[in-house]
Every structure is written in structure tokens, then in C-alpha cells.
2 protein chains.
Amino acid sequence: MTGFNNFFKSAFTVDNVIFGFDEGDLKVLLIKRGEDPYEGKWALPGYFVYPNEDLDSAAVRVLKELTGLTDVYLEQVKTFGTVNRHPFGRVITIAYFSLVKINRYKLQPASIALKAKWHSISEVKQLAFDHKEILDSCFERLKWVVRTRPVGFELLPPKFTLTELQHLYEAILETDLDKRNFRKKILSMDLLVDLDELQEGVAHRPAKLYQFDREKYEKFLSEGFSFELKESKKKEVKKEPATNS
Amino acid sequence: MTGFNNFFKSAFTVDNVIFGFDEGDLKVLLIKRGEDPYEGKWALPGYFVYPNEDLDSAAVRVLKELTGLTDVYLEQVKTFGTVNRHPFGRVITIAYFSLVKINRYKLQPASIALKAKWHSISEVKQLAFDHKEILDSCFERLKWVVRTRPVGFELLPPKFTLTELQHLYEAILETDLDKRNFRKKILSMDLLVDLDELQEGVAHRPAKLYQFDREKYEKFLSEGFSFELKESKKKEVKKEPATNS
DNA sequence: AATCTTATTGTAAAATTGACAATATCCCTA
DNA sequence: TAGGGATATTGTCAATTTTACAATAAGATT
């Protein structure tokens, strides 16, 4: 292997776009960096991959150290490796996204982070490194995944209402959906269990609670079933309210 | 950056799944490795990424050195980084796939390759490293891409018949398609130019030649058009002829 | 001119999508 | 407990898309 030594001078990290859903809004978990580079800047949680660690394991570790969660949906999206993206040397990063039930855990700021905080996707304007670009890629991927596989449920509590589910899809796809058509479509897939329970603590007619039937989904999958939501017209672009200028 | 030095001992490569289409069959370009490790084994063309080289550039370089082609469709798919996947040390690889017009070039076996050869996808059983897994991932991705964006044309000569196009889709999607329905669907997208030319040299009624209208496609895209072929039932699984056993 | 081979084309039934608004139910307050 | 408030729930019809299906057309070959 003489001659190859020059190649063994790089490092790689994983960065994790952790999505959550709260108050009708799609959120991403960001950390305020506690060390160089970009100390004090908001960034995606991530870290170097250890020499004896698989990539997926590293992504799981980063997630666990920050949130304490282990059993979550996690998927590799894309690798970013522009030559000068990291001030310490050649560092490429493998981007993952994960979907967590936002109320299920307590943030556990890892040593690398001064603090961690949920941000509304739409309000994230810039981040350390090339993390904004990574976030955008993962958001695009999420849009596709959510139309293609029933993973939306990973973002909701185990019991949810159809309206909550619809709001989730609307937030992710950035469209408005027709209530009646959405319900028809979702229910026709026969992946939800009607729990015969009602929402509590709301000051109006409570909605029925449903649960995702994972077993049935696995069964469908093995029979060649394909979850598919049609792409629809874009929600008209929100006009930025004309700010002072 | 004290303490991080231990991370800067890795390397990364790009591996390229180069698809072509010939004789009604989807092909992949493999090389017989001319050096360690796995010398003499069939593998995906790939190489280390140079310290001052972007990932995409490396993929382009690998493709060019092998085929002489530069202006081809190329897309990053996934990164593979199992700890012990490479005998020389920690080496992760970023997998790309590309689509080439198989008759448009002469193979130029690079220094790393004893020889390069097109293999029918279905006949590739095992490869060096984890390359078979990489190939499978890229093939899956191609199936999705081809239903989602009109990139199939990248695999055909500039002028092609509708039957050729259909055979291409059938090879990639591993399904049979209905002739009339396929034509209706494709033509209704209004992305093909009827060249008013006929196929030559065939011993039967010659078919009309068409050309992909890239400009029109760009225009449609900017207007929010979405190319979409519906997923269809799987072609019934070919039963392996019972071999001697 | 007859034959061979592949190209080309249409129609009707079925399934899906998309648009659209009235009624039902529970909570809360007076 | 009656009325108002708020959201939940539900159905129909038109339009579009998908699917299944086979007869005729046209150039090449003999």
C-alpha cells in the first residue's frame, strides 16, 4: 500500500438533522456550538466518527447524546465534502435526518453544545459550516420520504387525531390539503387503528384518536403495497410581509 | 484543535456505478482490478479522492479516466463506511451513479484497471469490497430517478424510437409495460420531438425517430411541472430454472 | 404480389382525484 | 339546561387518469 499514505489524512463527521413537530410547526433541533470552530454559532448536532465506529452508529450516538433517544427513525441522506468546508482540514460529513416525537424526551446538552433548542424550519436562516445547505437537502428528502412511506407517524405521539396528522403533512409538504380528501385517502390505506377514544381537554368537540398500525404496514409491504401520496400543487408562495426597507 | 488529530487518519474514495443500455439490456461498467486489494476481481470503477478535490469532481474524474466521457448525468447516491470494508485502513466510499450512451465512447482502461467490460446487471453476482451492495443501492435509486425525472434519455442515442425507449424503461423497472399506454403517457408529456425521420436498416416497417426536448423540459420544470411515471405491479418474479442440485 | 415483421393507433370501463358545504358533537357559559 | 362556540365528521359528482385490450398500417424481403 505504499503511496497511499497521503490519502489517510482526512476525517469525517456525521451531522444529524433532527426533525420534530410541535404547535403545528415543523422544527429542527439545533445546538449552539460550545467549541471551535464556529463557537457560539447555531449548528446541526454532529461529531467526528470514531475510527472503529460505523457511520450509522455514529449518527445514533450523536442523537442519543443529545436527546437520550435511541429508538428513532434515522436515514442517511447525502455526503458533503467541499474541499474547504472545515477549517481544521479535510473533513467530509455524512448527513442524516431523524424523526423524533418532540415531547418524548428531555434535551441533554452534550459537551459539544452550550445549549440545544428547537427552531421552526422556516426561521432558520443561516448556520455554521455548510449546515444550512445540509438542512435544506434533508428537508427535501423528508418531503419525499413522507409521501412515499408512512413515517409521518414518527413525529406524532402514539395516539393522534386526523387533524393533527393533516397539519403535520401540511407543515412538511408546505401545502394546504383538503380535509375530506385527506381523510378519505389516509383511511383508505387501512393503516390506522381507530382507538375508540376521544381527545381530552379541548374546548370543543373532541376528535377521535388513532394509532398507526405498524404490523399491518409491514404485512402490506411484504405483499408489495406501496404507500403513496400524490404530489399536489404548491401552496401559493407566502409573500414576505414587506419589511422596512 | 488539539485532540482531534486522531480523527485525521482516514481516507475516502468515490465509486461509480456507470449504467449503460445495449441490446435491450441494462448494463454496468466494471473493471478487473489491476492492483491490491482484490487484484483480479471485478469491481466498480473508483479511486481515492485527492486532498484538494471535491467529491463530485472526483466522481467526474474517475468516469473520465475510464471512458473519456465528461458530459454525463451523474448523481451522488449513498456513502458506505462499515469499519472494516477496506483492508488498508478506514476508508469510506461515496457512491455515485452515472448514465452514459454506451456507444458513444471507447473504453480507456485506466491504470487501475486491467480491463473494463460491460456486464448485464442481472448477471453480476459478486464484486470486490462491498461493491455489490453499492450496485444494488444505485440500481434502486435509478429506478426511482427514472420514474421521477426524464433521465432515461441519457442512456439512449440522441435519436431513438418509442419502442427503444419502452424497452429501456422495462429493463430498468423490471416490468412489462403496455405499448399503447406507454406511448400515450410519454407523448402526452410533450417532451419528445418527432423528427420526421425513420429508422434505417431494419428488415421491417421502420419506426419514427424522436429526440428529447431538453429546452422544453427545463421550461416545464421552471413552471412546476413534474415528470412522473406511476409505479406499477411488479413483473412476476422470474422463476430460476431449476438447475442441477 | 404475397409474406414477414414490427409500428402505430382508439375506445370503453374502472379507478382515482379534486372540488365543494352541511350537519354532528362536545365543551362551556349564562 | 339551553344556547353558542368551536372543531369534527361525512358524501357526491365531475373530471381526470389509468388500465385493459387487438386490428390495421407500412416498409423490407422474397
Side-chain angles (χ1 to χ4, degrees), chain A residues 23-24 147-148 156-157 159-170 173 175-211 220 224-236, chain B residues 23-24 147-148 156-157 159-170 173 175-211 220 224-236:
Chain A
E23 299 164 348
R147 289 201 303 114
T148 280
L156 293 176
K159 302 174 179 184
F160 50 86
T161 70
L162 291 182
T163 302
E164 285 165 351
L165 186 61
Q166 181 177 345
H167 288 338
L168 170 64
Y169 274 91
E170 289 177 336
L173 299 175
T175 26
D176 290 321
L177 300 171
D178 179 89
K179 209 189 315 194
R180 275 172 290 188
N181 293 340
F182 178 78
R183 283 160 180 254
K184 249 181 305 182
K185 179 84 183 181
I186 290 288
L187 289 176
S188 75
M189 289 176 180
D190 199 25
L191 289 175
L192 296 187
V193 186
D194 181 340
L195 291 172
D196 265 320
E197 285 179 62
L198 295 181
Q199 209 179 14
E200 280 174 20
V202 289
H204 55 77
R205 174 176 177 181
K208 290 202 282 186
L209 291 173
Y210 290 84
Q211 192 171 38
F220 283 170
F225 161 89
S226 129
F227 180 90
E228 202 154 337
L229 290 176
K230 195 78 173 251
E231 188 164 6
S232 55
K233 291 94 189 160
K234 280 181 201 133
K235 184 192 279 185
E236 61 270 40
Chain B
E23 298 164 350
R147 290 202 301 115
T148 281
L156 294 175
K159 302 174 180 185
F160 50 85
T161 70
L162 291 183
T163 302
E164 285 166 350
L165 186 61
Q166 180 177 348
H167 288 337
L168 170 63
Y169 274 91
E170 289 177 335
L173 299 176
T175 29
D176 289 322
L177 299 171
D178 180 90
K179 207 188 318 193
R180 274 173 289 189
N181 294 339
F182 178 79
R183 282 158 181 256
K184 249 182 301 181
K185 179 83 184 184
I186 290 288
L187 289 176
S188 75
M189 289 177 182
D190 199 23
L191 289 174
L192 296 187
V193 187
D194 181 340
L195 291 171
D196 266 321
E197 287 179 59
L198 295 180
Q199 209 180 11
E200 281 175 18
V202 288
H204 55 78
R205 175 177 177 180
K208 289 201 282 187
L209 291 173
Y210 290 84
Q211 190 171 39
F220 283 169
F225 162 89
S226 129
F227 179 90
E228 201 155 337
L229 290 175
K230 195 76 172 253
E231 188 164 5
S232 54
K233 289 95 189 160
K234 283 184 200 126
K235 184 191 282 187
E236 61 269 39

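Per chain, numbering begins at 1; letters A, B, ... match sequence-line order.
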[X] has an atom [atom1]; how far is it from atom [atom2] of [N], in whole Å?
| X | N | atom1 | atom2 | answer |
| --- | --- | --- | --- | --- |
| A:Glu200 | C:dT25 | CD | C1' | 16 Å |
| B:Met189 | D:dT17 | CE | C1' | 12 Å |
| B:Lys185 | D:dA20 | NZ | C1' | 16 Å |
| A:His167 | D:dT7 | NE2 | P | 9 Å |
| B:Glu228 | D:dT16 | CD | C1' | 15 Å |
| B:Phe182 | D:dC21 | CZ | C1' | 18 Å |
| A:Asp194 | D:dA8 | CG | C1' | 13 Å |

Find the distance between [atom1] ([X]) and [atom2] ([Y]) and round it off to the nearest 0.5 Å.
| X | Y | atom1 | atom2 | answer |
| --- | --- | --- | --- | --- |
| A:Leu209 | A:Glu200 | CG | CD | 8.5 Å |
| B:Arg183 | B:Leu177 | CZ | CG | 12.0 Å |
| B:Tyr210 | B:Leu165 | OH | CG | 10.5 Å |
| B:Phe182 | B:Glu170 | CZ | CD | 8.0 Å |
| B:Asp194 | B:Leu187 | CG | CG | 8.5 Å |
| B:Ile186 | B:Asn181 | CD1 | CG | 12.0 Å |

Axis-to-axis angle between the two ends of the helix from C:dA1-D:dT30 to C:dA30-D:dT1 (five base pairs per end, rounded to 10 degrees): 0°

Assign a letter to each nucleotide of nucleotides 1-10 of chain C from its 5' end: B, base within under 4.0 Å of a protein heavy atom; S, sugar-phosphate only; -, no contact. ----BBBBBB

By salt bridge (charged side-chain N to carboxylate O under 4.0 Å, His left out), which residues pair with B:Lys184, not counting sequence neighbours? none

Check for a donor-acceptor pair, side chain of A:Gln211 on one end and backbone N or O of A:Val193 on the other, with a separation under 3.5 Å.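 Looks like no, no N/O pair under 3.5 Å.
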
